[in-house]
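One structure is given below, encoded as structure tokens.
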Amino acid sequence: MKVQGKKILLTIVTLCLSLVVFVTIQPTHQTAYAADQSLQKIKDKGTIVMATSPDYPPYEFEVNHDGKDHIVGMDVDIMKKVAKDLGVKLVIKSMSFDSVLVAVETGKADVAMSGINPTPARRQSVDFSEIYYNGGQSFLIDKTDAAKYKTQANLANKTIGAQTGTLQYNLAKQKIPGATVKGMDKSTDLVLALKTHKIDALGIETPSAEAYVKNDPDLAMIKSSYPLNKNETGSAMAFKKGSDSLVTAVNKSINEIKAKGLVNNYLADAGKYMKVNTVNTSMWHYWSYFAKGIEYTLIISAISVVIGVLLGTLLALMRFSKSKIIHAIAVAYIEFVRGTPLMVQVLFVYFGIGIIVNLPALLSGIIAVSLNSGAYVAEIIRGGINSVAKGQTEASASLGLNKTDTMRFVVLPQALKNIWPALGNEFVSLIKESSIVSIIGVTDLIYQLNIVRADTYRGVMPVFVAMIIYFIITFILTRILNHYEGKMKHAK
Amino acid sequence: MPSDALIEVKKLQKNYGENEVLKQIDGVVKPGQVICVIGPSGSGKSTFLRCLNLLEKPTGGEILFEGHDTMSFSEAELTTMRERMGMVFQSFNLFPNLTVLENLKLAPMRVKHMAEDDAAKKALTLLKRVGLAEKADVYPSSLSGGQQQRVAIARALAMDPEVLLFDEPTSALDPEMVGEVLAVMKELAEDGMTMVVVTHEMGFAREVGDEVWFMADGYILEKNEPNALFNHPQNERAQDFISKIIGN
């Protein structure tokens with residue numbers, strides 16, 4: 001027993017080590033290799049892929065016109081111009097803000113452009129273009145507080161909100177005396193926090209602040225008085241390290257845009273789209289967004305359930321194998337997957353495996369959720385197999401049935417009946433947990449929900465709608481599962 | 001010795017750790033014989049029976065089936081041996097996920113690769129034989145204990161076994177159902193089926209058995225034809241056991 005335990009431990013450790021080696025070695029190797037083919041590579045393939053998080057108007061956001069969703073905004077217009085100058089086509093890949101820099105580091109995208117500030121920390125992992133826009137820093141406040149907070153000095157000792165990992169977050173922390181800084185991932189959540197008085201002010205770029213104030217009568221803004229270094233506080237495009245030739249070419253376009261003052265045109269353009277979005281902010285108007293979200297959530301869940309059950313059955317049978325190696329592989333897999341968060345697994349499949357094979361986001365999401373579900377289903381099935389009375393296996397053996405047939409015709413059908421409720425729970429939680437794939441830009445329900453929140457400037461209603469939709473989906477699923485459970489009842 | 005033996009047991013031993021359940025068992029089962037194994041609870045009767053088809057792995061000795069050493073069988077040979085050595089369990093062990101008919105068809109179709117129609121025909125004939133043809137399409141859970149055990153016997157017969165092992169087939173039954181199961185077993189014996197029956201039904205052993213083996217403490221202490229063993233037991237433990245059973 002002890003020896004076996006050691007073996008399993010060794011397997012797990014080996015697995016972890018190989019992961020670490022894989023993750024640390026691979027990117028450096030890659031960087032050295034890609035030295036400076038960057039511009040040539042873009043020209044050869046004829047497209048430039050831009051990673052962006054379209055929940056940040058006026059920089060980038062989604063708009064629905066001609067019955068189709070488009071990602072628009074100032075950043076998109078600038079990148080269109082850059083692509084035109086390079087003589088290639090622009091392809092936009094949307095994902096969460098956390099993921100855009102990783103996307104260029106791992107080669108999922110050629111450029112990240114999402115109102116990114118080129119902070120010194122970020123400069124260590126990616127190359128930046130020149131600053132293409134410097135909107136300045138402001139604070140959003142509740143209109144009822146407008147008399148209290150007139151300048152940045154009034155914010156001392158208050159609670160300031162900012163997006164985690166952004167310049168605004170660091171500035172508030174370092175430059176506002178006595179302030180408590182509260183970080184969240186999404187600006188839509190922060191605005192909601194502001195309106196519900198969880199924070200007193202929200203540090204945000206001036207163009208975004210202006211957009212919010214224009215579209216939400218409850219909000220007001222004050223300009224910041226930070227002493228700022230323009231090279232750090234403007235927005236720039238990020239590229240993979242060692243993309244000198246590409247950066248030089250892009251800078252040429254940026255300089256032209258600045259010289260001709262084109263940014264103002266682009267901002268005006270964005271403003272027009274934002275008006276389209278806020279003409280009608282009822283949730284019915286955005287039904288197609290939710291419908292698309294439901295579609296993707298169901299696609300991911302349905303495929304992952306099927307693969308998860310197949311994989312789970314295989315792993316459970318491997319655990320019963322007489323071969324110690326097969327047994328150990330199954331145990332190591334199950335323990336490892338259950339011991340790491342699904343979110344990390346999703347990121348690992350998309351970005352980590354992505355270094356070797358370029359998997360699209362949807363496929364990566366399905367793979368990660370399936371692999372995850374397989375581990376949990378395996379344990380449920382193992383419990384189910386153990387729950388079948390020993391006499392059943394003996395009766396089957398005494399009739400001359402071999403082990404495979406005994407499993408297939410006698411044990412598994414009975415196990416399935418016993419574990420049906422637990423399996424149902426797993427399906428229901430899979431539907432809910434699959435929402436994590438939104439971080440790599442799969443347009444599932446949660447992703448779409450955030451788009452709607454960004455477009456409409458309504459913080460709560462879309463969340464409520466998504467909640468109801470999730471409930472309806474899981475409720476229907478539970479009814480269906482109960483129906484089949486009833487059908488299996490006869491078999492004692 | 002007897003070259004016509006179907007099963008030959010030599011110096012069979014079975015330990016569970018320190019616990020010696022079977023100390024030394026010798027015996028021969030010839031084709032057509034009905035052997036009834038009796039003895040007090042905990043004497044190792046069931047363990048002995050389960051060693052015959054290797055549901056329990058013996059720790060010592062030999063078991064020959066048609067002259068072949070069963071303990072050196074490969075997995076496939078073991079499966080083939082079991083296919084010819086049917087077993088009926090105390091707790092029936094019908095497959096609850098299958099109908100009565102499917103319970104009977106499964107092994108002939110999967111093991112003997114019989115066509116479904118033929119398997120169904122054969123199953124119905126056997127169900128008629130145990131008086132349960134009208135229950136073909138119900139699930140086992142809707143049957144009484146006695147009916148379930150009769151189906152279990154039919155299921156074992158569906159493989160045309162050379163020998164049937166019965167592990168206390170009536171012990172889990174309500175008293176009013178014991179008769180119907182014993183009647184089926186008696187008919188089988190009369191048709192010439194080779195049977196090894198572990199039982200507490202002394203009446204059955206006396207009436208149907210060709211030989212009765214008395215087991216206690218991991219040994220077979222006495223073997224004889226039923227009348228001799230029940231009327232004039234030689235062994236002291238056997239005398240004690242039989243006087244208690246008959247006396248009550």
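Everything numeric here is computed off the predicted structure, so don't read it as measured data. Atoms considered below: every heavy atom in the structure, side chains included; atoms not considered: hydrogens, waters and symmetry mates. Naming: A, B, ... by sequence-line order, numbering from 1 per chain.
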**Item:** Verdict with supporting geometry, B:Arg155 and A:Leu399, side-chain contact (heavy atoms from CB on, under 4.5 Å)
**Value:** CA-CA 8 Å; B:Arg155 181 177 68 177; A:Leu399 287 166; 3.7 Å; yes

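With hydrogens and angles disregarded, no donor-acceptor distance shorter than 3.5 Å links the side chain of B:Asn97 to the backbone of A:Pro413. Looking at A:Gln392, its side chain does come within 3.5 Å of a backbone N or O of B:Leu94 through a donor-acceptor pair.
Heavy atoms closer than 4.5 Å to chain A are found in the side chain of B:Phe89, but not in its backbone. Neither the backbone nor the side chain of A:Thr393 has a heavy atom closer than 4.5 Å to any heavy atom of chain B. In this structure, the portions of B:Met87 lying under 4.5 Å from any heavy atom of chain A include both its backbone and its side chain. When heavy atoms are compared at a cutoff of 4.5 Å, B:Ser91 does not approach chain A at all.
Atom NZ of B:Lys121 is surrounded by 12 or fewer heavy atoms from other residues, nucleotides or ligands within 6.0 Å. No more than 12 heavy-atom neighbours from other residues, nucleotides or ligands sit within 6.0 angstrom of CD1 on A:Ile325. In the displayed structure, B:Glu176 atom CD is contacted under 6.0 Å by more than 12 heavy atoms of other residues, nucleotides or ligands.
Separating the CZ atom in A:Phe409 from the CD atom in B:Glu102 is a distance of 11.0 Å, to the nearest 0.5 Å. Remark: B:Asp167 CG to A:Ser398 OG distance equals 11.0 Å, nearest 0.5 Å. In this structure, CG on B:Leu78 lies 11.5 Å from CG on A:Asn402, to the nearest 0.5 angstrom. The structure places CG of A:Asp405 at 7.0 Å from CG of B:Leu106, a figure rounded to the nearest 0.5 Å.
Per-residue heavy-atom pair counts under 4.5 Å with chain A were compared for B:Arg110, B:Glu75, B:Arg84, B:Arg50, and the maximum is reached by B:Arg110.
Residues A:Ala397 and B:Arg82 come closest through the heavy atom pair O-CD, 3.3 Å.
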